[in-house]
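Okay, so here's the structure we're looking at.
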There are 2 protein chains.
Amino acid sequence: MNEQVPSQDNESPCHYRRALEVVSSKWTVLVFYELENGKKRYSDLKKAIEGVTQKMLTQTLRQLERDGLVSRCVYPTVPLTVEYELTTLGKTLIEPMRILHKWTDAHYDSVLQARKAYDKENA
Amino acid sequence: MNEQVPSQDNESPCHYRRALEVVSSKWTVLVFYELENGKKRYSDLKKAIEGVTQKMLTQTLRQLERDGLVSRCVYPTVPLTVEYELTTLGKTLIEPMRILHKWTDAHYDSVLQARKAYDKENA
DNA sequence: CCGCATCCTGATCGATACTG
DNA sequence: CAGTATCGATCAGGATGCGG
């Protein structure tokens, strides 16, 4: 494992840089929204998030766990059961994410339209 | 040119997927925050955003332009002057971004701490 | 000053096969 | 069930040089 590991150095005065560091991967958002309404099992996440591979799901979950946003609980059943859940810290992110999501719902069509216009012009 | 161009197909029912599509690149956020307070010239953006290369800055600006969030204005002076500015659509994103930024200010230390703890445990 | 084209490297990600 | 390990392919992004 040990693919990308965002370093905790980079103490630049520019804090904006961090703003999306935590949340900015494709799958992170999707996992986050799945966990918004309570704990879920690994396999359920996998089913719910269309197109995610085992590798990506695990990687994303590990990152969220490392960042303290998600907790992982293993039940030693046979076969294994693993549940993921937002931590207290993780829950504080729900509201900001919802707001961003609302923006998308409200304005995504405009973005699509803008793209179409731009592409036509620069054909 | 024509490196990454997010397609406008992908009409999956899962709208969450789009939520960060528009905004999720490292430099997009930084450019956005620079333009939050009014128009700026290319060279000023370059100076303001530490570490960005010409290529990345231009690429980011083109994307934002394509998405209809930023407008580009060329003054045929010698030498050339180019100014960038948030569009009306772009301005609607300011508030969501601010909220995300506030979350970062409030909780980033916790994330850093969580990482340190996680890394120590999994040494 | 503002940007595009090209080359090149390392990171990312999917596919596949294999464990507790 | 819930992962880990490894191998390729693809892609982002830095460096450099040129052009309007």
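Chain A is the first sequence line, chain B the second, and so forth, proteins listed ahead of strands; every chain is numbered from 1. Just so we're clear, the structure is a prediction, and the values are computed from it rather than from any experiment. Side-chain atoms are counted along with the backbone in the values below, which use heavy atoms only and exclude waters and symmetry mates.
Of the side-chain N and O atoms in B/T58, none sit less than 4.0 angstrom from OP1 or OP2 of C/dG3. The side chain of B/Y84 places no N or O atom within less than 4.0 Å of a non-bridging phosphate oxygen (OP1 or OP2) of C/dC2. Phosphate contact (OP1/OP2 of D/dG14, side-chain N/O of B/T53, threshold under 4.0 Å): present. For the pair A/R41 and D/dC1, the criterion of a side-chain N or O lying under 4.0 Å from OP1 or OP2 is not met.
When the C1' atom of D/dG3 is taken as reference, atom CG of A/D44 falls 16 Å away, rounded to whole Å. Note: CH2 (B/W27) to P (D/dA12) measures 16 Å, nearest angstrom. One atom, OH of A/Y75, and another, P of C/dG20, lie 24 Å apart when rounded to the nearest Å. Rounded to whole Å, the distance from CG on A/L57 to C1' on D/dC1 is 13 Å. Rounded to whole Å, the distance from CD on B/Q54 to C1' on C/dC2 is 8 Å. Atom CD of A/E65 and atom C1' of D/dG3 are 13 Å apart (whole Å). The CZ-P distance, from B/R62 to C/dA5, rounds to 11 Å in whole Å. Rounded to whole Å, atom P of D/dC18 lies 17 Å from atom NZ of B/K55.
Using modelled atom types, one side-chain atom of A/Y33 and one backbone atom of A/M97 make a donor-acceptor pair closer than 3.5 Å. Looking at A/K40, its side chain never comes within 3.5 Å of a backbone N or O of A/Y84 through a donor-acceptor pair.
Exactly one of B/T88, B/T87, B/L35 qualifies for a side chain to side chain contact (heavy atoms under 4.5 Å, CB included) with B/S71. That residue is B/T87.
Side-chain proximity of A/Q59 to the nucleotides C/dC13, D/dG3, D/dC1 is greatest for C/dC13. The side chain of A/R72 has D/dG3 as its nearest neighbour among C/dC1, D/dG3, C/dA15. Listed nucleotides: D/dG13, D/dG3, C/dC1. Nearest to the side chain of B/P79: C/dC1.
In this structure, B/E85 places its CD atom where more than 12 heavy-atom neighbours from other residues, nucleotides or ligands lie under 6.0 Å away.
For the pair B/K47 and B/D44, the salt-bridge criterion is met [side-chain N within less than 4.0 Å of a carboxylate O].
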